[in-house]
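As C-alpha cells, the structure follows; a few thoughts come after it.
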Protein chains: 2
Amino acid sequence: MRVPQHLVDRRRERLRSLIRHDGFLPVAEICRRLGVSEATVRRDLAAVEANGDITRTYGGALADYNSSFASHDERSGRARPAKARIAELAVARMPRAGTVFLDAGTTLQAIARVLAGRRDLTRLVVATNSLAAASVLGGAAGVELHVVGGMFLNRQAALMGGRAIRALEDWSFDAAFLGGEGLSAAGVSNSHESVAAFQQAVLARAARSYFCLDASKLGRSTPHPVAGWDGISGLITDATARQLAAQGIVLPAGQLLRA
Amino acid sequence: MRVPQHLVDRRRERLRSLIRHDGFLPVAEICRRLGVSEATVRRDLAAVEANGDITRTYGGALADYNSSFASHDERSGRARPAKARIAELAVARMPRAGTVFLDAGTTLQAIARVLAGRRDLTRLVVATNSLAAASVLGGAAGVELHVVGGMFLNRQAALMGGRAIRALEDWSFDAAFLGGEGLSAAGVSNSHESVAAFQQAVLARAARSYFCLDASKLGRSTPHPVAGWDGISGLITDATARQLAAQGIVLPAGQLLRA
DNA sequence: GCCTATATGATTGAGGTCAATCATATAAAT
DNA sequence: ATTTATATGATTGACCTCAATCATATAGGC
C-alpha cells in the first residue's frame, strides 16, 4: 500500500497545479483526476495547504490567488504569506491620487486585492492588463479602473501583444508595479518574449517602476530579460539581502524594499 | 417579512461584489456579513449565479473569473432559458474563421459560453469589451481572443469610453454581436450614453451586425438610441413577430431571427 | 384600503463532507 | 534480511450543507 516518496511529491505537485489551473476543485473531482481515495486527497490537501499556495474549503480547495479568505490565518497571528506582505509594501508606495499600472501575475493580484481594500483613495487611476486584477478592482472605492486592451494569453490570463503595446502609447504612469518569473544578477526576466516586450513598454512610460517578486523566483533565470537593476526604482520582495547577495544581486539601500 | 425590491437588489449586488472581492466566501460567512438567514443567502446565490457572475460550490460561492467550472448548469437538462436559445442562433451565424465582435451583457455572455463549447472553430478571432465574455472564452479551442481596452464600467462589467472607441480603429469585423437595454419601433437603445457611443463605433466597423435581445427588453425605451432597423443586419430574439408588431416593430423576413 | 404576490426565516429529511481510527502492504532504514 | 516507518483505503460517527415545504408578514398592484 505504501508508495515511493517521489511519487507522492509528484502527485502533490500535480494537485497544486490542478487547483491553480482551475481556480477551484471539489474533492470528488480531485479523486477522479488523481485516481486516489478521498482520504488521500484530504491528506494531500492538508500538506499542500501548509505550503501556502492553496486554501481548503468545505468540499474542495481553491487557489490562493482567488481568495483573500487566506486572511483568516492573518488574524490567527501566524506568519502571513510572503505575497501578502509584498502586497502591503507595494500599496504603501502608491499615491492616493495619480496614475499607476498593475501587471499580471499572482503577486500583482495580491496587490490588487490589498488596493481594493484601501478606503483612503481619492482619485487613483489604475491601468492593468490583467483580467484577474481588473475583476478584483472593479468597483473599488476611489479607483478609476482601465484595462489595457490586447490579445489574451491563456497562460498568464493577461493581455499582451502588439495591440497592447500600442495601447500603452495613450498612457504615462506615475508608478508601475510589475511581476516577473526570474530574478538574477542580470535583473528581472520572463519566460515569454511578448511578456518581456510588454513590460519594457510599460517601463518606458512610467516615472517610477517597482518589480514585485517573492523569494521563490530567486536564482531562476528565464530566457527573456526585461530590465537590469539600474533601470528600475525598486525591488519589492520577501527575500533577504543576504539571499539576494548569494545570487549576485546587490542593490543600494532604498532600491531594495523588504517585505 | 417581505422587504422592498430595491433593497433585495441592493443586497444581491452587495453579495456579488463581496464574492468578487474575496474570491470565495462560505455561506455562513455571507450570512454574517449580510445579516440574513441561510435560506435567503442560498436564494440570493441562486439568483446571482443565474446572472453568470459567480459559481456556487458546496458550502459557498466563488467569483467566476478564474474557474472553468461554470458549465455545470448547462448540463442540467431543464428547459433552457431564452438566452441560451438566442445564443445558439447567434453562434450559428458566426463564421468558423474570421473576425467577430462580442458586446457586453448577459445575453452576450451566454453567446460566449456557447461559442466556447464549439469544437469546430478553426481560426476565429474574437474581440470583446466584456470581461465576463473574455473569462469564458479564454483558452477556448480555435479562438484567438482579444480584449478591447478602455475604462471599466462597474455596472456593465465592461470597457467603455474614449479609449475603447479609439482602440476600435485598429479593427474591422466580419460580424458584430451586440446587446441592448431597450427595443422599440425606433430601434435599439441603451440607458448610458457611453455604451451607445461605443456600440455605434462597433457598428461602423462591422460588415454585418446582429442585435441579440430577449423579449424582456420589448417596449422598453431607454434614452440613448444606438441604431435604427435599417442600419443592422438582423435582430436575434425570442420574441415573436406578433409581439414585435405590437410594439410597432416590423422587420422584413431575414432580418428577424427567432430563437 | 383591499387583495395578491412574494420575500423571509424556521423546520425537516436526505445526502454530502470530514477527521479519526484501523488494518495492511510496502518503501526506507538498519 | 529484518525491522521500522509510513502511505494508503475502508469504515465509522459526527457534523455540515442543501433543497423543499410551510407559515407569516408585508410590499406592490388594483
Side-chain angles (χ1 to χ4, degrees), chain A residues 1-16 18-19 22-51 54-63 66-67 69-70 72-73 76, chain B residues 1-16 18-19 22-51 54-63 67 69-79 81 216 218-220:
Chain A
M1 291 286 201
R2 191 179 176 188
V3 123
Q5 192 63 45
H6 66 94
L7 288 183
V8 175
D9 291 340
R10 224 158 67 189
R11 186 188 61 219
R12 291 185 176 166
E13 189 50 43
R14 189 158 156 242
L15 167 64
R16 182 175 109 53
L18 278 178
I19 293 172
D22 276 19
F24 172 89
L25 280 176
V27 172
E29 175 72 10
I30 299 173
C31 291
R32 208 181 56 71
R33 296 207 199 173
L34 259 41
V36 291
S37 74
E38 288 196 7
T40 300
V41 167
R42 289 186 218 288
R43 277 186 278 250
D44 283 0
L45 283 174
V48 176
E49 185 187 32
N51 276 7
I54 65 163
T55 307
R56 295 181 69 185
T57 75
Y58 205 94
L62 65 140
N66 222 335
S67 162
F69 203 60
H72 73 84
D73 61 355
S76 71
Chain B
M1 289 285 200
R2 193 179 176 189
V3 121
Q5 190 64 45
H6 66 96
L7 289 183
V8 174
D9 292 340
R10 224 159 68 187
R11 186 188 60 219
R12 291 186 176 164
E13 189 51 44
R14 185 153 161 247
L15 167 63
R16 176 182 165 286
L18 277 178
I19 292 172
D22 276 19
F24 173 88
L25 280 176
V27 173
E29 175 71 10
I30 300 173
C31 291
R32 206 182 56 73
R33 296 208 199 174
L34 259 44
V36 292
S37 72
E38 287 197 6
T40 300
V41 167
R42 289 186 218 288
R43 278 186 278 249
D44 283 359
L45 283 174
V48 176
E49 185 187 32
N51 275 7
I54 64 165
T55 307
R56 296 181 67 184
T57 75
Y58 206 94
L62 68 144
S67 166
F69 218 68
S71 50
H72 72 89
D73 60 344
E74 295 170 24
R75 277 183 255 136
S76 75
R78 269 186 285 168
S216 73
L218 241 184
R220 287 174 60 179

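A note on names: the letters A, B, ... follow the listed sequences, proteins ahead of strands, and every chain is numbered from 1.
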Checklist entry - What's the shortest heavy-atom distance between B:R33 and B:R14, and which atoms? => result O-NH2, 3.4 Å
Next on the checklist: From CG of A:D9 over to P of C:dA27, roughly how many Å is that when rounded to an integer?
Outcome noted: 15 Å
Checklist entry - Looking at A:I30 and A:V41, what are the two nearest heavy atoms and their distance? => result CG2-CG1, 3.7 Å
Item to check | B/S/- contact track for nucleotides 3-15 of chain D, protein heavy atom under 4.0 Å | outcome: --BBBBB-----B
Item to check | Integer-rounded Å distance: D:dG28 C1' and B:L7 CG | outcome: 14 Å
Checklist outcome for this item: Across all chains, not counting sequence neighbours, the side-chain contact (heavy atoms from CB on, under 4.5 Å) partners of A:A28 are none
Checklist outcome for this item: Correct closest heavy-atom pair for B:I19 and B:L62 would be CG2-C, 3.6 Å
Next on the checklist: Could you check whether A:R10 pairs with A:E13 (Lys NZ or Arg NE/NH1/NH2 to Asp/Glu carboxylate O, under 4.0 Å)?
Outcome noted: no
